[in-house]
J.: 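Got a structure for you, written out below as structure tokens; questions coming shortly.
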Amino acid sequence: MTNKDLADVIFPHITKTVADYEAMYPQRNLKEGACVTRFAPSPTGFMHLGGFFQAIIDKLIVQNRDGIFYLRNEDTDQKREVEGATDLIMSTLNHYDILPNEYQFKEKIVGNYGPYIQSERKEIYQTFIKHFIEIGRAYPCFATKEELEELRSAQEKIKARTGYYGRYARYRNLPIEEAIKKIEAGESYVIRFKSMGDFEKKFKFMDEVRGLLYLPENDEDFVIMKSEGGLPTYHFAHLVDDVLMRTTHVVRGEEWLSSVPKHVELFETFGYPIPKYIHTPLIVKKEENSVRKLSKRKDPEATMQYYEENGYPKEAVIEYLMTIINSNYEQWHTENPDKKFLDFQFDPKKMSATGGALFDMDKLNNISKNSISKMTKEELLEESYAWASKYNEQLKEIIDQDRNYYRAILNIERESSKPRKDITTYSDILNNIWYMYDDLFEKEETYEFMKITDKEEIKKITKTYMDKYFSVEDDKETWFAKIKSLCDALGYASNMKEYKQNPEAYKGNVTDISTVLRVALTKKAQTPDLYEIMQILGKDKMIERFEKLS
RNA sequence: GGCCAGUUGGUGAAGUGGCUUAACACACUGCCCUUUCACGGCAGCAUUCACGAGUUCGAAUCUCGUACUGGUCACCA
């Protein structure tokens, strides 16, 4: 009995060879220096911020060098699989313009290196596993859960390193005859890799972010194929897929760093070149006195859905993540305002290796605010309308009522060198403009009058203003000159310096008068430019609102 | 506990032996501008790079030790 017999008993249906697959998926014909990257999420029904972060890097590496960025669906854990997960991933990548070059989606395969769904690659994995068994580098293991738990507690008791390795690898040297007998008797088993490594020895490993590392060799006989379903574990799928799909750069979270010895031994056993690894910092959150990974259960901001729903412009989300990816990005972007994020030259060496970047909502909000302030009125109209159509019916209705009116409101103090920055997200817009709409204006009950609260005085100010000083034709200078005249006429100081020198001589100053007009028209003490608001409101509406006060 | 990584202001960080009396951005504070707010401008915010020792004429930058933080040790990825 030989290993070959064992392999045939386990995989009687596998007829192809490793060489067949190597031929089917030949070396890619790429330009000099072009890279192949992948985004390989497991379909859990969420698009995690951390995964998205990696997808940006994947895209960045490939961009401008005619490389290939592909999406691979890692669905080997059927227990966790969620229906429609790929839809969500694709739509998120699409929303942010980082679509892959190759993918498999809705029965459609784009690219010659598929299938890109792991559960459809079972035969391929099994071919490789079969080969491993034949060459004596993999074997069936019949250890039960209980057996493994016992092993673990025994190891803990004598303070040995836990795990299935060396002399603890109970089924490693099981005679082939016995193994076959057990299999034929229908016993449950997994396939384990037979490691030849020595934990006491170190090897050199080049991490693209951290530089040269010395890691201990792997000596664990880890599982490469699960008992149910015959699907591989991550480690083995990583080997097979990234070899056959000809991946050159693996971008993944730094939680994988400690599995590197396993992967290196796997690649070396086959004699395949090891891809370059970019282990990215995790995005973490502060809690009490510790930090932890963003969790989709506890932190809504951990999923990409959050940013879409709350109306963050996509450029803002990208820009924020870019500042974490390479902190010189912000500077680069201010120096190259017309370039897109994909033009940026990503350098893994410049990425922080600090083991965790604290998620900073303040920073994101600031970026978002700036990004909205730079939009033209037309852009903001389109973007906010698209957002409202999905997430805010009230805003959508308002826009539908009168697009021109809405556009005019958005344009207040916009499209200038120093635009306003008071809208953080699209979901913020309504809070900032409601008073321009009669029904919303009616609903608000309180007027935020400040210094002048006397009804008669307010009435006098508004009436005098409308009767003698207001004209729609005035430009801004004339308009303000008239406000000043109004001040003078009613005993308020039009000149702030004079007022400050002798406040007793006046009833108040131009600020007080402006505030009265502002609050009377908007109910709010703080609004954008009053002149523009009056222009948009128009004379009739102004009179109407002033009269409501009596 | 073993192994691995990391440790520069409240936050993201620049920095790779002298150009650093530690960049930039966010946050915060104060002042100025101003019809309110937002914007903008100016200034302040780490005498010091976790701590200790060593190498060196010279260290945030190199070496060692300690402490702390994080990751990992699954038939999850």
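This is a predicted model, so every value here is computed, not measured. Throughout, a chain's letter reflects where its sequence line sits, starting with A, and its residues are numbered from 1.
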J.: For a quick check of understanding: with a heavy-atom distance under 4.0 Å over all strands, which category does A/Arg210 fall into, base, sugar-phosphate or nothing?
T.: sugar-phosphate
J.: Take atom P in B/U66 and the same atom in B/U21, then report the distance between them in whole Å.
T.: 32 Å
J.: Only one of A/Asp75, A/Asp77, A/Thr76 passes side-chain hydrogen bond (donor to acceptor under 3.5 Å, both in side chains) with A/Ser119; say which it is.
T.: A/Asp75
J.: Identify whether any heavy atom of A/Phe199 sits under 4.0 Å from a base atom; if not, whether one sits that close to sugar-phosphate; answer base, sugar-phosphate or nothing.
T.: sugar-phosphate
J.: B/C37 phosphate, OP1 or OP2: any side-chain N/O from A/Arg518 under 4.0 angstrom?
T.: no
J.: Got A/Tyr320 and A/Asp360 here, is their nearest side-chain heavy-atom distance under 4.5 Å?
T.: yes
J.: Using the C1' atom as the reference point in each nucleotide, state the distance between B/G9 and B/U48 in Å, no decimals.
T.: 10 Å
J.: Between A/Asp207 and A/Arg210, does at least one N-O distance fall below 4.0 Å, as a salt bridge requires?
T.: yes
J.: Mapping A/Pro419 and A/Ser258 to their closest nucleotides on RNA chain B, which lands nearer the 5' end?
T.: A/Pro419
J.: Can you tell me if the side-chain N/O atoms of A/Thr76 get under 4.0 Å from OP1 or OP2 in B/A77?
T.: yes
J.: What is the distance, to the nearest angstrom, from the CZ atom on A/Arg252 to the P atom on B/G71?
T.: 17 Å
J.: For B/A13, does either OP1 or OP2 sit under 4.0 Å from a side-chain N or O belonging to A/Ser352?
T.: yes
J.: State, yes or no, whether a side-chain contact exists between A/Lys298 and A/Arg292 at a heavy-atom distance under 4.5 Å.
T.: yes
J.: Could you tell me how far B/A14 sits from B/C49 if I compare only their C1' atoms? Round to whole Å.
T.: 12 Å
J.: Would you indicate what A/Arg152 reaches in the nucleic acid, counting non-hydrogen atoms under 4.0 angstrom: base, sugar-phosphate, or nothing?
T.: sugar-phosphate
J.: Please figure out whether A/Lys476 or A/Pro281 has its closest RNA chain B nucleotide nearer the 5' end.
T.: A/Pro281
J.: In whole angstrom, give me the gap between the C1' atoms of B/G71 and B/C75.
T.: 22 Å
J.: Are OP1 or OP2 of B/A14 and a side-chain N or O of A/Lys349 less than 4.0 angstrom apart?
T.: no
J.: May I ask you to check whether A/Gln155 and A/Ser153 show a side-chain donor-acceptor distance below 3.5 Å?
T.: no
J.: Under 4.0 Å between any heavy atoms, over every strand shown, what does A/Gln331 touch: base, sugar-phosphate, or nothing? Just pick one.
T.: base
J.: Base, sugar-phosphate, or nothing for A/Glu220, non-hydrogen atoms under 4.0 angstrom?
T.: nothing
J.: Using a heavy-atom cut-off of 4.0 Å across all strands, would you classify A/Trp332 as base, sugar-phosphate, or nothing?
T.: nothing
J.: OP1 or OP2 of B/C37 versus the side-chain N and O atoms of A/Lys421: is any pair under 4.0 Å?
T.: no
J.: Tell me whether the side-chain N/O atoms of A/Asn366 come closer than 4.0 Å to OP1 or OP2 in B/A27.
T.: yes
J.: Using a 4.0 Å heavy-atom cut-off, does A/Leu358 contact any base of the nucleic acid, only the sugar-phosphate backbone, or nothing at all?
T.: sugar-phosphate
J.: Using a 4.0 Å heavy-atom cut-off, does A/Lys350 contact any base of the nucleic acid, only the sugar-phosphate backbone, or nothing at all?
T.: sugar-phosphate
